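Just so it is clear, the model here is predicted, and its values are computed rather than measured.
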Amino acid sequence: MLDINFIRANVDLLKTGMINKGEKDTNIVDKVIEIDEQWRTLVHEIDTKRSEANTRAKQIGALMGQGKKDEAQSIMKETSALKEEVKSLEEKLGVLATDRTELLYRIPNVPDPSVPVGHSENDNVVFSTWGEPLHHDWRKPHWDIAKEHNWIDFERGVKVTGAGFPFYLGGVARLQRALINFFLNAAAERGYEEMQAPYFVNEDSARGTGQIPDKEDMMYTVPRDGFFAIPTAELPITNFHRDEIIDAAVLPVKYCGYTPCWRREAGSYGKDVRGLNRLHQFDKIELVKLVHPDNSAQELELLREDAERLLQALELPYRTLLMCTGDMGFTQTKKYDLEVWSPGQQRWLEVSSCSNFEGFQARRMMIRYRDEDGKPKILHTLNGSGLALPRIVSAILETYQEESGKVRVPEVLKPYLGNNTYL
RNA sequence: GGAGAGAUGGCAGAGCGGUCGAAUGCGGCGGUCUUGAAAACCGUUGAGCCGAAAGGUUCCGGGGGUUCGAAUCCCUCUCUCUCCGCCA
């Protein structure tokens, strides 16, 4: 959610940003300003009337105290009429306020000037590449390797739960456990505090990070208790400080957390979903930062580097994309995607997405910091994966496979896997 | 799951239906004193919204109601605590 005052002062900038993000309808901006105008006028009117009513109520109190009942009675009569008036105006105000909020929720964040303008993923800019993508013919996709070793059981996953809920066995189960530990330790070294978060959140939290409204279809729900299964640890971790004011001196606040993530992925079919490419449940380590608004641009670069470091440590070739305006999403001002090379599939797989939301999320969640002047102000939030497991597993199985079919353990993971050479 | 008690400012803790945005204490900040610090003393110290400002308005767990007037009364929801039951 953007600040209505920012919207009022930056109509053109906002509309340009919206068009660049692929929104067709920018009239919503004029509409929200118009409704806000009505809202302000009405607030003023109501406040004035309430002020009057409050004054009279106090007069009545004073008169009653002096025993002047008759005078008090006559003021009471006038006041009840005033009260009716206020009540009907308040109803109007409520409607305006709801409309205003709904419109505000539908206005996307403004892209940072450094973001390339573009319509689709084809306009994303390759920011950097690391390592040499492998192109050997004999390399198999991970689903074949996993089958040979009985490492992943998709079929029984279907039986027990459904498609997209595989079982991991033996070497890959251990590999995932090792990756979780490695990622968390690496994050701790970079100053992120480890957090074990709830796997379900309530509606307020889902609203805070922006899954509600509009994106609730991505989440599994527990209707009886009003919970949502988290699609990413971003939800519980970012909402941790919801409705709080944080001392500026402790910024930046950095958290990391491992959780399973559940996504319904409704409507995604085809060959992209083969193997581990797209699952309904997967594991991820998430990095979250709450920062001073002056530093968020810088903090995004640091966050990206923290994520990239992990791929470098695993010696997996990858590339970093700077997402263009049309492909970056509703809530971000700037976003980098990290894509690992999958030699068995001969394609890039997204394993991390590092985003700056500036005040967009924090404003919804009312996460503020107290500056030197003592006034609470909205802070900036960022998050990034560090990293998502399944595609890393794919990349490891495919990159570290030998022609014999064995899979080597990446050097950096050996301490986590009994110093074994092979998985 | 059953029975009872409760939810007030950063924390603790008062609060008869009428000058209560809320006593008091602690903490925080500023000052006096001190070579410095502590102690003591004085002052100050919640948030949202409207407004250029003056000022106004809203908020005492959430929502609704009674009343001219609600932190105070009623309904409801949520949460916390105590006891019982169950349990990793």
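Taking the P atoms as reference points, B/rG85 lies 49 Å from B/rC20, given to the whole Å. Going from the C1' atom of B/rG28 to that of B/rG18 covers 34 Å, rounded to whole Å. Look at the P atom in both B/rA39 and B/rC26: the space between them is 11 Å, to the nearest Å. Here, B/rA71 and B/rU8 have their C1' atoms 7 Å apart, quoted to the whole Å. Comparing B/rG55 with B/rA5, their P atoms are spaced 46 Å from each other, to the whole Å. Taking atom C1' in both B/rG62 and B/rU78, one finds a spacing of 7 Å when rounded to whole Å. B/rA22 and B/rA47 are spaced 14 Å apart, taking the P atom of each and rounding to whole Å. For the C1' atoms, the distance linking B/rG13 with B/rA7 amounts to 13 Å, nearest Å.
Shown here, B/rU35 forms no base pair; nothing in the strands shown gives a Watson-Crick or G-U wobble contact with both key distances under 3.5 Å. The partner of B/rC26 is B/rG10, by the rule that a Watson-Crick or G-U pair needs both atom distances under 3.5 Å. Remark: B/rG85 base-pairs with no nucleotide; criterion is Watson-Crick or G-U wobble with both hydrogen-bond distances under 3.5 Å. The base-pairing partner of B/rC20, taking Watson-Crick or G-U wobble contacts with both distances under 3.5 Å, does not exist among the strands shown. The nucleotide B/rA5 finds its pairing partner in B/rU80, both defining distances of the Watson-Crick or G-U wobble pair being shorter than 3.5 Å. Look at B/rA54: it lacks any Watson-Crick or wobble partner with both distances under 3.5 angstrom. Taking a pair to require two hydrogen-bonding distances under 3.5 Å in either a Watson-Crick or a G-U wobble arrangement, B/rG69 remains unpaired.
Ion pairing between a basic and an acidic side chain is recognised when a charged N comes within 4.0 Å of a carboxylate O; A/E286 and A/K284 show such pairing. By the 4.0 Å N-to-carboxylate-O rule, A/E37 lies too far from A/R40 to be salt-bridged with it. Between A/E301 and A/K334 there is a salt bridge, since at least one side-chain N of the basic residue sits less than 4.0 Å from a carboxylate O of the acidic one. A/D47 and A/R50 are joined by a salt bridge, as a carboxylate oxygen and a charged side-chain nitrogen come within less than 4.0 angstrom of each other.
A/E85 meets the side-chain hydrogen bond (donor to acceptor under 3.5 Å, both in side chains) test with A/K49; sequence neighbours excluded.
Figure legend: cation-pi geometry between A/R304 and A/Y336, with NZ or CZ positioned under 6.0 Å from the six-membered ring centre and within 45° of its axis.
Rounding to whole angstrom units, CD1 of residue A/I75 and P of B/rG18 are separated by 18 Å. For the pair A/D204 CG and B/rC77 C1', the computed distance is 14 Å after rounding to whole Å. Residue A/R56 contributes atom CZ, which lies 17 Å from atom C1' of B/rG18 at whole-angstrom precision. One interatomic measurement links the two molecules: NZ of A/K58 to C1' of B/rA70, which rounds to 14 Å at whole-angstrom precision.
With a 6.0 Å radius and a threshold of 12 heavy atoms from other residues, nucleotides or ligands, A/R156 has its CZ atom at or below the threshold.
Residue pairs meeting the side chain to side chain donor-acceptor pair (under 3.5 Å) criterion with at least one member in residues 159-174 of chain A: none, sequence neighbours excluded.
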Exercise. How does protein reach along nucleotides 45-61 of chain B, written 5' to 3' as B (base within reach of a heavy atom under 4.0 Å), S (only sugar-phosphate), or - (no contact)?
Worked result: --SSSSS----BSS---
